[in-house]
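Read the numbers this way: they start at 1 and go in the same order the structure lists the ligands and their atoms.
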Amino acid sequence: MKLVNFRFQVMAALLCFCYMYVNVIAEVKNLQSKRTYIIRMDKSNMPASFDDHLQWYDSSLKSVSESAGMLYTYNNVIHGFSTRLTPEEAESLEKQQGILSVLPEMVYELHTTRTPEFLGLGKSDAVLPEFDLVSEVVVGVLDTGVWPELKSFDDKGLGPTPSTWKGECETGKNFNSSSCNRKLIGARFFSQGYEAAFGPIDETMESKSPRDDDGHGTHTSTTAAGSAVSGASLFGYATGKARGMATQARVAAYKVCWLGGCFGSDIIAAMDKAVEDGVNVISMSIGGGLFDYYRDTVAIGAFTATAHGILVSCSAGNDGPSQGSLSNVAPWITTVGAGTLDRDFPAYVTLGNGKNYSGASLYHGNALSDSLMPLVYAGNVSNSTSGFLCMSGTLIPAKVSGKIVICDRGGNSRVEKGVEVKHAGGLGMILANTELYGEELIADSHILATAAMGQSSAAAIKNYAFSDPKPVATIASGRTRLGVEPSPVVAAFSSRGPNPVTPEVLKPDVIAPGLNILAGWTGAAGPTGLEDDSRRVTFNIISGTSMSCPHVSGLAALLKAAHSDWSPGAIRSALMTTAYTKYKNGKTILDVSTGQPSTPLDYGAGYVNPVAALDPGLVYDTTVEDYLGFLCALNYSSSQIKLATNRDFTCDPSKKYSLGDLNYPSLCGAGVTSIVKYTRTLTNVAPPATYKVSISSETPSVNILVEPQSLNFSEQYEKKSYTVTFTATSMPSGTTSFAHLEWSSRKHVVGSPIAFSWT
Ligand SMILES: *[C@@H]1O[C@H](CO)[C@@H](O)[C@H](O)[C@H]1NC(C)=O
Ligand SMILES: *[C@@H]1O[C@H](CO)[C@@H](O)[C@H](O)[C@H]1NC(C)=O
Ligand SMILES: *[C@@H]1O[C@H](CO)[C@@H](O)[C@H](O)[C@H]1NC(C)=O
Ligand SMILES: *[C@@H]1O[C@H](CO)[C@@H](O)[C@H](O)[C@H]1NC(C)=O
Ligand SMILES: *[C@@H]1O[C@H](CO)[C@@H](O)[C@H](O)[C@H]1NC(C)=O
Ligand SMILES: *[C@@H]1O[C@H](CO)[C@@H](O)[C@H](O)[C@H]1NC(C)=O
């Protein structure tokens, strides 16, 4: 049985021992042959012989297994329960009446100061929604829990919890009712699926409570809605006032991720509760395998949450720059990729030949002396073929001691390479990007003097090390630099389109800050997350789409505060149609992995622009009915639709459903024929105005016609439709063409990316 891995989408600097645990789980499974299943019940068709649905669930379960108990029952995002069964028991349960499906649980593996200003929030507080409105909004974060003592969870100035709030502060190890306050208004933990598969939690390793022993959940929740903290920094880096995107919004923490990963039965239980508790936004920096939407736990939970008016924001994944590397791609999820800020942390390598190269580091400790030290390439001082990556136990101490070692990026985590160099007696490390990572510079709080180098500098340094008979170098670091240009750029690690499940829906939706992000941290682990890192910090700087996702979750909370009647679709539309794709000089945002202009497959609609998003003019208000029509266009059967959406819906056989007609803020065609026609509907959310369309196309071989060419809105919430017809004059197969569509009034510009791939 293959385990499907769901993981936190933080870059590999952290959480390095989870892989080891995943192997352990596989062994446990083989021994006991029972595993966790999520059972979906047809609740609306309960046999009349039962008084209530729990009795019915229990009786169905008992008919196949006397001993099995329910781990959870689910009542909101799905109807049913989870339990431990043998494959034979699962098979016979599936055949019973009233059972919609019996799905094996998936194991989901572990995937600021500057950001508000860079996003334009610091400068123009005047346009932000009022304090009291924002404080009515609750962001639910599914992650590793929280470290509640941080100043980022200070509730000063906040009024009573919103009257609609029904959540709780669950207590447990190192977490009591006074851990919650008017900022952290809810905290729950979900460990039954994890413990059923893994055995009881080892309380010496992790707290069986909402307490975050890892750091990831504290970082994501404070990014979304942390209170403002003056004088924040990591070792003096990124000093300033740290604040979440929606400083006055409330946080509810749902701990679903443990040392062994994030278990599907726990995740769906947390989403079920979050809906019942009354959160307005769900933030999930968790990712995993790709499935049809009716088999994907996160997509299923997100559908019902969306139908309840909750925006679900998820990380796009860190598997870039490969094409088609996205996760969390369902059209009702807001999928967030990562870009940079205009801030970096320069470190310099000076060589014996006098050349000086610039890289990045967050190293804090004894600096290397100014004198030059011997320089070696790891691949030359190792007894292993993977030595060039500085994998654990591969460097030969006699050849490394007292030297600076060049290690290539990849294979293991960046900070682990430093551990290996230090163990072998090395004094410093140059972390060399290969072609895959281009010029992307991720700063880490390494345990020895280190400079991360872009590919071209790394190549020059290696060239020197290979050609000079006595190569020497030194490393200097310790600064924070602002106003870096060009910025933003698309992060190399940010997962890219096309959408691997439904290529007709462009993903990611947007990109947001995800590189070198400062936010709150746990007191139970050091900034590198390494077991022997004994340093403790209240803020940490880390990178990943795990970090960009909560930026968008917090911005969605601001939009919800400003426009309490907007649907999740309208909020996402506002973020997408106002996102930008060009620098002030008119050039397209670059992809740091290639140094070339990026495309909608990299950035979706573009880099978020929250101030513009507060007043978008028009929105594509994608509704639940639109999503149901989309599933009909995918030819889902009624039972598949019920599994995906938790509702009864039959596609109208007389209606022609088309994937291209999903009322989405972007337009995407895959394998298109020579003429295709899409329909879109805009809703006016601003004073009356007339909008005119314009198209900028980079591909002369595709002719794009919009009808009508102008839309005249005379009242609020008025809806108007238009069609776009694409005619290809020549179709170079295997290529993708891009264009940009804009509806502009005197005051607003409503933009949509267009992508077409020809097969
Ligand atoms: C629990 O509550 C007491 C006060 O009742 C407090 O002193 C203590 O620090 C709290 N927190 C934890 C994590 O135990
Ligand atoms: C290397 O260049 C940087 C940036 O120009 C400069 O700040 C630093 O002092 C230089 N180092 C040496 C040793 O020349
Ligand atoms: C070190 O490794 C590089 C790259 O593998 C190789 O080109 C070079 O010849 C090696 N140098 C020595 C001294 O072995
Ligand atoms: C490789 O070197 C390491 C470190 O010196 C040593 O522990 C290991 O036994 C060596 N392995 C081989 C195969 O020589
Ligand atoms: C759905 O079925 C129709 C009719 O068989 C077919 O033309 C269409 O390509 C199918 N759509 C998808 C997404 O498979
Ligand atoms: C738009 O509609 C309004 C109200 O119906 C009308 O007064 C105005 O002339 C129209 N403008 C255009 C450009 O059609």
Side-chain angles (χ1 to χ4, degrees), residues 145-150 153 169-181 184 187 189 203 206-213 218 253 255 292-294 329-331 344-361 367-373 375 404 428 430 441 449 451 453-454 457 460-461 464 472-485 498-505 522-524 627-638 640-641 644 651-662 668-673 676 757 759:
V146 278
W147 191 267
E149 291 81 10
L150 293 179
F153 291 113
C169 188
E170 293 179 355
T171 59
K173 175 108 188 274
N174 297 328
F175 209 93
N176 61 28
S177 56
S178 45
S179 301
C180 293
N181 60 13
L184 180 64
F189 64 101
E203 295 243 29
E206 51 186 338
S207 309
K208 192 171 169 179
S209 76
R211 164 96 29 201
D212 177 15
D213 300 304
T218 302
K255 182 171 171 181
D292 290 321
Y293 303 124
Y294 60 89
V329 294
D344 68 6
F345 306 98
Y348 301 100
V349 170
T350 307
L351 303 179
N353 62 10
K355 293 244 166 74
N356 180 12
Y357 299 91
S358 163
S361 187
L368 292 181
S369 68
D370 284 342
S371 60
L372 297 162
M373 263 157 285
L375 176 69
I404 291 175
I430 294 170
L441 294 177
M453 288 290 162
S457 303
I461 294 169
Y464 164 76
V472 288
T474 191
I475 300 171
S477 60
R479 285 184 51 226
T480 302
R481 183 170 59 175
L482 302 178
V484 174
E485 292 200 27
N499 181 335
V501 179
T502 323
E504 294 82 358
V505 177
T522 177
Y627 298 129
L628 289 166
F630 166 82
L631 296 177
C632 293
L634 282 178
N635 295 333
Y636 273 29
S637 67
S638 294
Q640 287 168 332
I641 290 179
C651 304
D652 180 351
S654 67
K655 198 167 161 184
K656 197 176 163 292
Y657 295 98
S658 156
L659 290 172
D661 285 345
L662 175 68
C668 191
V672 288
T673 49
V676 276
S757 42
T759 50

Worksheet, complete the sentence: Sequence neighbours excluded, the answer for disulfide bond (SG atoms under 2.5 Å apart) partners of Cys668 is none

Fill in: Distance-only N or O hit between ligand 1 and Ser178, under 3.5 Å
yes

Practice prompt. Say whether Asn176, considering both its backbone and side-chain N or O atoms, lies within less than 3.5 Å of an N or O atom on ligand 1.
Written response: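 In this structure, Asn176 places an N or O atom under 3.5 Å from an N or O of ligand 1.
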
Discussion item. Distance alone, cut at 3.5 Å: any donor-acceptor contact between the side chains of Ser207 and Asp213?
Written reply: yes

Worksheet item: Measuring from Ile475:CD1 to Leu372:CG, what's the distance to the nearest 0.5 Å?
Response: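 Between Ile475 CD1 and Leu372 CG, I get 11.5 Å after rounding to 0.5 Å.
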
Worksheet entry | Distance (rounded to the nearest 0.5 Å) between Ser457 OG and Leu441 CG |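 Rounded to the nearest 0.5 Å, the OG-CG separation comes to 8.0 Å.
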
Practice prompt. Heavy-atom cut-off of under 4.0 Å around ligand 5: list whichever protein residues fall inside it, by chain and number.
Written response: Ala633, Asn635

Worksheet item: So do the side chains of Tyr348 and Thr474 get within less than 4.5 Å of each other, counting heavy atoms only?
Response: no

Worksheet item: Is there side-chain contact between Tyr627 and Pro331, with at least one heavy-atom pair below 4.5 Å?
Response: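 In contact.
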
Fill in: Per-atom contacts, ligand 1 versus Asn174 - under 4.0 Å to a heavy atom
13 (C)

Discussion item. Distance under 4.0 Å to a non-hydrogen atom of Arg211: what atoms of ligand 1 satisfy this?
Written reply: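 In order of number, 13 (C).
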
Fill in: Within-cut-off N or O pair, Asn356 and ligand 2, under 3.5 Å
yes

Worksheet item: Between Ser209 and Phe175, is there a donor-acceptor pair closer than 3.5 Å when you use the side chain of the first and the backbone of the second?
Response: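 Flag not set: sc Ser209 to bb Phe175 has no pair under 3.5 Å.
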
Worksheet item: Salt bridge check: are Glu149 and Arg211 linked by an N-O gap of less than 4.0 Å?
Response: yes

Item to complete: Return the orientation label for the Tyr293 and Phe630 ring planes: parallel under 30°, perpendicular over 60°, tilted otherwise.
Response: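 Geometry flag for Phe630 against Tyr293: tilted rings.
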
Discussion item. Taking 4.0 angstrom as the limit and counting only heavy atoms of Thr350, give me the atoms of ligand 2 inside it, by number and element.
Written reply: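 Listed by number with element: 12 (C), 13 (C).
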
